[in-house]
Amino acid sequence: MPQSRKIIIDTDPGQDDAVAILLALGSSELEIVGITAVAGNVPLKLTQNNARKICELAGRPDIKVYAGAIRPLARELVTAEEVHGKTGLNGPQLPEPTMPLQEQYAVDFIVETLMREESGTITLCPLGPLTNIALALIREPRIAPRIKEIVLMGGGFFEGGNVTPAAEFNIYVDPQAADLVFKSGIPIVMMPLDVTHKALTTSKRIQAFRQLGTKVGTATAEMLEFFERYDEEKYGTDGGPLHDPCVIAYLLKPELFKGRRCNVSVETASELTMGMTVIDWWGVTKREKNAMVMRDIDHNGFFALLVERLGRLN
């Protein structure tokens, strides 16, 4: 059996973050070294709580969860309760977690893990604002060449933004952190709105989760029914985009996605376009290609993978 891939999931759960975590927990190819929580969809007090709720839902209280940055590097925190509900995980009634929150600060955990583990063996999977990752790079620049790659959800180009006309939420919340990460020289795979808006949770797909007949399947269906209502109203689609699980799906089946290497630059000066990911898709500048930017997804294959792997839990 091939060796499992070691990952750190950096997250701000969020219903779609929750499904991404469940997908990773249901996949033996991945070893979750730790989950680090960051303020984003809701404040840190809730995101660290939600990460533990999801681990317990999956029957994995052994997973270590760490609390990280309480706010962005240089801006006030912007949250998204209008999308995710007041708890961040509205939909199912999940019990308060009993598993402990680790005492170590998430940023210190990221740095120590990358310095301890063999170079090139840890993949970072940011599902929210990039504050924790940027703080780790600031604290210990030597970790940058030790990271295998960063596979992240964030940004948009042809699709525009979802929180402002120009910016996607994760990048907009902490554009300074995103700018630092994209300039780091670390190999990056980027899942922008251009991909995630093609992964829609139709009623038929949600029913497939419910038909698993498990706690995880039922809770996932309830989360997605709550989560999709906002985007259905906003975009007039049948279902909402399932953003964050694209990150984990790529690690499991990269053939589900298609894209190209581009330069990605992050706007940090203009309030009008703050947090915009300026993607040189057509290669019209001489800026260095710093990210593999995905644009297409096999959405049927993606949802088949989700149902199959979540079906392994419970």
Side-chain angles (χ1 to χ4, degrees), residues 9 11-27 40-43 46-47 49-60 79-97 127-128 153 159 162-163 168-170 191 193 195-249 256 297-314:
I9 298 176
T11 181
D12 60 337
Q15 291 89 349
D16 57 328
D17 303 71
V19 177
I21 294 168
L22 292 170
L23 176 59
L25 289 170
S27 299
N41 287 322
V42 286
L46 293 172
T47 61
N49 207 46
N50 290 346
R52 290 183 291 145
K53 284 183 179 182
I54 295 303
C55 290
E56 290 192 355
L57 171 65
R60 291 296 304 276
T79 55
E81 285 87 353
E82 72 280 5
V83 180
H84 299 276
K86 286 186 178 180
T87 70
L89 283 183
N90 280 34
Q93 293 297 315
L94 297 176
E96 287 301 304
L127 310 179
M153 189 276 136
E159 195 71 8
N162 63 353
V163 66
E168 178 274 332
F169 178 82
N170 286 344
M191 296 290 169
L193 297 177
V195 161
T196 65
H197 280 181
K198 295 173 182 173
L200 296 177
T201 59
T202 62
S203 55
K204 185 177 179 181
R205 286 169 171 167
I206 290 178
Q207 189 59 19
F209 290 114
R210 183 171 276 110
Q211 286 172 346
L212 290 171
T214 62
K215 276 198 310 181
V216 166
T218 301
T220 299
E222 291 173 349
M223 278 191 280
L224 295 182
E225 283 171 342
F226 181 89
F227 177 62
E228 71 174 3
R229 93 226 176 280
Y230 179 84
D231 286 301
E232 283 181 331
E233 189 174 315
K234 180 177 179 180
Y235 297 111
T237 52
D238 175 17
L242 200 50
H243 308 284
D244 295 331
C246 290
V247 167
I248 306 301
L256 292 173
I297 180 174
D298 172 0
H299 51 86
N300 288 324
F302 170 71
F303 277 96
L305 176 67
L306 278 175
V307 173
E308 190 256 318
R309 295 308 174 89
L310 268 61
R312 296 181 181 184
L313 299 168
N314 291 339

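The structure displayed is predicted, hence computed values, not measured ones.
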Margin query: Nearest 0.5 angstrom please: D244 CG to N170 CG, how far?
Written below: 6.5 Å
Next item on the list: Just do the side-chain hydrogen bond (donor to acceptor under 3.5 Å, both in side chains) check on D16 and H243 with the steps written out, would you?
Entry: CA-CA 6 Å; D16 57 328; H243 308 284; 4.8 Å; no
Next item on the list: Could you tell me the separation between the NZ atom of K204 and the CD atom of Q211, rounded to the nearest 0.5 Å?
Entry: 10.0 Å
Notebook entry, point to check: Does any N or O in the side chain of N162 come within less than 3.5 Å of the main-chain N or O of F169, such that one atom is a donor and the other an acceptor?
Noted result: yes
Check: Where do E96 and K53 land on the salt bridge (Lys or Arg N to Asp or Glu O under 4.0 Å) test, with the steps shown first?
Finding: CA-CA 7 Å; E96 287 301 304; K53 284 183 179 182; 3.5 Å; yes
Checklist line | Minimum heavy-atom distance between P13 and T47, given as atom pair plus value | finding: CD-O, 3.7 Å
Next item on the list: Considering non-hydrogen atoms only, spot the tightest contact between A199 and F303 and give its length.
Entry: C-CE1, 3.8 Å
Next item on the list: Could you give me the CA-CA distance, side-chain angles and deciding distance for R205 and N300, then say whether side chain to side chain contact (heavy atoms under 4.5 Å, CB included) is met?
Entry: CA-CA 9 Å; R205 286 169 171 167; N300 288 324; 2.9 Å; yes
Check: If you measure from CZ on F302 to CD1 on I297, what distance do you get to the nearest 0.5 Å?
Finding: 5.0 Å
Check: Within the side chain of Q15, is there an N or O that forms a donor-acceptor pair under 3.5 Å with the backbone of H84?
Finding: yes
Checklist line | Euclidean distance, R312 CZ relative to S27 OG, rounded to 0.5 Å | finding: 6.0 Å
Margin query: My understanding is that only one of L305, L313, L306, V307 makes a side chain to side chain contact (heavy atoms under 4.5 Å, CB included) with R309; could you say which?
Written below: L305
Item checked: Shortest non-hydrogen separation from D12 to L127 and the atoms involved -> OD1-O, 3.6 Å
Item checked: Sub-4.5 Å side-chain heavy-atom contact between S203 and I206 -> no
Item checked: Atom of P97, atom of N49 and distance for their closest heavy-atom approach -> CG-OD1, 3.3 Å
Check: Quick one: CG on L242 to CE on M153, what's the gap to the nearest 0.5 Å?
Finding: 10.5 Å
Next item on the list: Using atom types as modelled and distance alone, determine if a side-chain donor or acceptor of T201 lies under 3.5 Å from a backbone N or O of G240.
Entry: yes
Checklist line | Nearest heavy atoms of K86 and V42, plus distance in Å | finding: O-CG1, 4.1 Å
Margin query: What I'd like to find out is whether the side chain of E222 reaches to under 4.5 Å of the side chain of R210, using heavy atoms alone.
Written below: yes
Check: Can you list the steps and then say if K215 with E56 is a salt bridge (Lys or Arg N to Asp or Glu O under 4.0 Å)?
Finding: CA-CA 11 Å; K215 276 198 310 181; E56 290 192 355; over 6 Å; no
Next item on the list: Determine yes or no for a side-chain-to-main-chain donor-acceptor pair under 3.5 angstrom, with T87 supplying the side chain and L89 the backbone.
Entry: yes
Next item on the list: Any chance you could measure D17, atom CG, to M223, atom CE, to the nearest 0.5 Å?
Entry: 10.0 Å
Next item on the list: Given side chain to side chain contact (heavy atoms under 4.5 Å, CB included), test N41 with V83 step by step and report yes or no.
Entry: CA-CA 8 Å; N41 287 322; V83 180; over 6 Å; no
Check: Where do A58 and L25 come nearest, in terms of heavy atoms and distance?
Finding: CB-CD1, 3.6 Å
Check: Counting only heavy atoms not in Q93, do more than 12 sit closer than 6.0 Å to its CD atom?
Finding: no
Item checked: Reference residue V216; test side chain to side chain contact (heavy atoms under 4.5 Å, CB included); the match among T218, T214, L212 -> T214
